[in-house]
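Everything quoted here is computed from the prediction, not taken from an experiment. Here, residue 1 is the first one in the sequence, and each next residue gets the next number.
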Amino acid sequence: MRLAIDEAVKAEEAGEVPVGAVVIGPAGEILASRGNRRERDHDPTAHAELLALREAGARLGTWRLEGCTLVSTMEPCPMCAGAAVLARVERVVYGCPDPKAGSVDTMFRITSDPRLNHRAEVKGGVLERETASLLEKFFRSRR
């Protein structure tokens, strides 16, 4: 989570919403670490989680990220939770919940929906106070 927080801080320094994500491989190796890039890339899909999943897939040479863990500073949105399911990640770990779009625990439970072909273990609240503080500070400065 600390590496994901570092990515979130870098994203904020570049004018992005401070969200960072990391993909950890089955043997515990870091496959990818990314921060949000929506503003810089003019891309609504450039969420940290999606970018990290893409990078991990490229590094492994496969879209199947079986045995991998997606770590995000904030609870993934529907798009990112869906991507985690489609990538077959084993687990999703996140910092703070997202009351407006959280889709692994808060609003939806996409990663545990039995109607989908894959489910991922979920652990939330990891360094929750620290990850929430980054977002609160960012949005307070914009109001």
Side-chain angles (χ1 to χ4, degrees), residues 1-113 116 118-143:
M1 183 61 74
R2 293 271 177 219
L3 182 54
I5 290 170
D6 291 345
E7 290 292 339
V9 169
K10 286 187 230 172
E12 181 179 24
E13 289 168 354
E16 302 281 351
V17 174
V19 175
V22 174
V23 176
I24 302 167
E29 72 279 24
I30 303 297
L31 296 174
S33 61
R34 300 296 299 266
N36 272 354
R37 291 193 57 95
R38 292 189 317 164
E39 299 297 332
R40 287 175 282 178
D41 293 352
H42 312 288
D43 179 356
T45 69
H47 289 201
E49 301 93 333
L50 214 56
L51 297 171
L53 290 169
R54 286 178 186 153
E55 184 178 320
R59 184 155 178 212
L60 291 174
T62 181
W63 60 268
R64 290 179 183 87
L65 301 181
E66 294 162 339
C68 292
T69 299
L70 172 64
V71 178
S72 179
T73 56
M74 184 169 70
E75 181 182 4
C77 73
M79 176 180 65
C80 295
V85 168
L86 292 172
R88 314 277 198 281
V89 299
E90 186 172 324
R91 75 186 57 78
V92 175
V93 175
Y94 68 90
C96 62
D98 180 355
K100 294 183 179 180
S103 295
V104 298
D105 276 330
T106 305
M107 293 190 67
F108 305 104
R109 295 179 185 270
I110 291 172
T111 53
S112 60
D113 192 318
L116 299 175
H118 177 77
R119 280 162 288 295
E121 174 188 330
V122 173
K123 173 150 180 60
V126 176
L127 298 177
E128 180 175 349
R129 210 172 293 230
E130 193 171 336
T131 56
S133 175
L134 282 171
L135 290 158
E136 289 164 3
K137 184 182 94 176
F138 175 82
F139 286 112
R140 201 175 317 118
S141 74
R142 301 276 186 286
R143 292 184 182 127

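For the pair V17/E39, no side-chain contact is recorded, criterion being any heavy-atom separation below 4.5 Å from C-beta on. Counting heavy atoms from C-beta on, the side chains of R37 and D43 never come closer than 4.5 Å.
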*Kindly determine whether Y94 and V122 satisfy side chain to side chain contact (heavy atoms under 4.5 Å, CB included), including the steps that lead there.*
CA-CA 8 Å; Y94 68 90; V122 173; 3.8 Å; yes
*Evaluate the side chain to side chain contact (heavy atoms under 4.5 Å, CB included) criterion for residues I24 and L31: first the C-alpha distance (whole Å), next the side-chain angles of each, then the deciding distance (0.1 Å), finally the verdict.*
CA-CA 6 Å; I24 302 167; L31 296 174; over 6 Å; no
*Report the C-alpha distance between R2 and E130 in whole Å, list the side-chain angles of each, state the deciding distance to 0.1 Å, and finish with yes or no for salt bridge (charged side-chain N to carboxylate O under 4.0 Å, His left out).*
CA-CA 10 Å; R2 293 271 177 219; E130 193 171 336; 2.7 Å; yes
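Here the CD atom belonging to E75 is positioned 6.5 Å from the CG atom belonging to D98, to the nearest 0.5 angstrom. Atom OG1 of residue T69 and atom CD1 of residue I30 lie 9.5 Å apart, to the nearest 0.5 angstrom. One finds the CG atom of N36 at 10.5 Å from the CD atom of E7 (value rounded to the nearest 0.5 Å). Atom-to-atom distance recorded for C77:SG and M107:CE is 11.5 Å, nearest 0.5 angstrom. Taking CZ from R119 and CZ from R88, the interatomic distance works out to 11.0 Å, rounded to the nearest 0.5 Å. Annotation: the span from L60 atom CG to E66 atom CD amounts to 10.5 Å, rounded to 0.5 Å.
Using a 4.0 Å cut-off between charged nitrogen and carboxylate oxygen, E49 and R54 do not count as a salt-bridge pair. One finds a salt bridge joining R109 and D105 here, because a Lys/Arg side-chain nitrogen approaches an Asp/Glu carboxylate oxygen to under 4.0 Å.
Residue C96 is tested with L134, L135, L127, V126 for a side chain to side chain contact (heavy atoms under 4.5 Å, CB included); the sole match is L135.
Pairs of residues two or more places apart, or lying in two chains, that qualify as side-chain hydrogen bond (donor to acceptor under 3.5 Å, both in side chains) and include a residue from residues 11-28 are E16-R40.
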